[in-house]
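Just below is one structure, and these are the notes that go with it.
These values consider heavy atoms only, across backbone and side chains, with no hydrogens, waters or symmetry-generated copies.
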Amino acid sequence: HARQRALVRDLAAQEGQARSLSLAVIEQPDTVRAFGAAPALEAGWDAVRNRLQAVRGASAASATRTQTMTGLISAFQGTAIIGVGALSASAGDLSAGALIGANILAARALAPMLRLAGMTELFARASLAEQRIAQVLSLPRESEKGVEIPCYAGGLELSDLAFAYP
């Protein structure tokens with residue numbers, strides 16, 4: 001769980017950096033051109049893209065490991081039940097139908113636990129989302145009463161002002 005949470009946090013951070021670089025180019029193309037920032041943004045984008053690919057690869061490898069482990073557990077369970085059941089059936093303590101029924105029931109009992117194990121990334125993403133919501137909710141709030149300036153003094157001067165209809 002801890003490794004999956006760390007991967008999800010890293011993935012979210014890299015995706016956030018990629019979004020911020022993209023928004024800089026999309027929302028402020030004139031600024032990028034005026035200051036010649038394109039090479040620096042391209043280098044930053046390449047670095048973020050490489051890190052993002054590495055994190056996505058690690059996340060996919062983790063998911064594959066989880067799937068492999070759940071498949072192995074399921075296979076070992078089936079093998080153990082059939083093996084022990086075959087010995088019992090050959091000794092006359094268990095019928096073939098009871099052996100098949102026991103194998104089906106055991107597989108059905110194990111299936112929800114294996115699905116739960118495969119959902120570690122979803123749980124990690126949910127945990128990260130919960131942390132981010134808590135961070136937003138802990139930000140100081142703006143006063144609803146407003147601010148009153150007790151002694152306001154000043155003036156407004158307009159000079160060289162012109163107006164024309166469009």
* Provide the closest heavy-atom pair for Arg132 versus Ala13 in the form atom of the first, atom of the second, distance. => NH2-N, 4.5 Å
* To do: Identify the two heavy atoms, one from Ile81 and one from Ala106, that lie closest to each other, and give their separation to 0.1 Å.
  => CD1-CB, 3.0 Å
* Which distance, rounded to the nearest 0.5 Å, do you find between the CG of Asn103 and the OG1 of Thr79? -> 9.0 Å
* Asked: Nearest 0.5 Å, what's the CE-CG distance between Met69 and Leu72?
  -> 6.0 Å
* To do: Keeping the roles fixed (side chain from Ser127, backbone from Phe123), state whether a donor-acceptor pair exists under 3.5 Å.
  => no
* To do: Go through the side-chain N and O atoms of Gln131 and Arg9 and say whether any donor and acceptor fall under 3.5 Å apart.
  => no
* Can we say Arg49 and Glu42 salt-bridge, meaning some charged N sits less than 4.0 Å from an Asp/Glu carboxylate O? -> no
* Does the side chain of Gln14 come within less than 4.5 Å of Asp10's, by heavy atoms? -> yes
* Asked: How far does CG of Leu52 sit from OG of Ser59, to the nearest 0.5 angstrom?
  -> 10.5 Å
* **Single-linkage hydrophobic cluster, 4.5 Å side-chain cutoff, Val48 and Val25 together** => yes
* Asked: Once you round to the nearest 0.5 Å, how far does CE of Met113 lie from CG of Leu110?
  -> 5.0 Å
* Calculate, to the nearest 0.5 Å, the distance between atoms CZ and OG1 belonging to Arg65 and Thr70 respectively. => 13.0 Å
* Hey, could you give me the CG/CD1 distance between Leu94 and Ile100, rounded to the nearest 0.5 Å? => 10.0 Å
* Structure fact -> All heavy atoms of Leu158 vs all of Leu161, minimum pair found to be CD1-CD2, 3.8 Å
* What pair of heavy atoms forms the shortest contact from Ala124 to Val8, and how long is it? -> CB-CG2, 3.7 Å
* Asked: Would Trp45 end up clustered with Leu41 when hydrophobic side chains under 4.5 Å apart are linked, directly or stepwise?
  -> yes
* Asked: Around Gln53, counting heavy atoms of other residues, nucleotides and ligands shown, do more than 12 lie under 6.0 Å from its CD?
  -> yes
* Asked: Do the side chains of Leu11 and Leu128 join up, straight or via other hydrophobic residues, at under 4.5 Å, putting them in one cluster?
  -> no
* State which residues pass side chain to side chain contact (heavy atoms under 4.5 Å, CB included) with Ala58; sequence neighbours excluded, sorted by chain then number. => Leu7
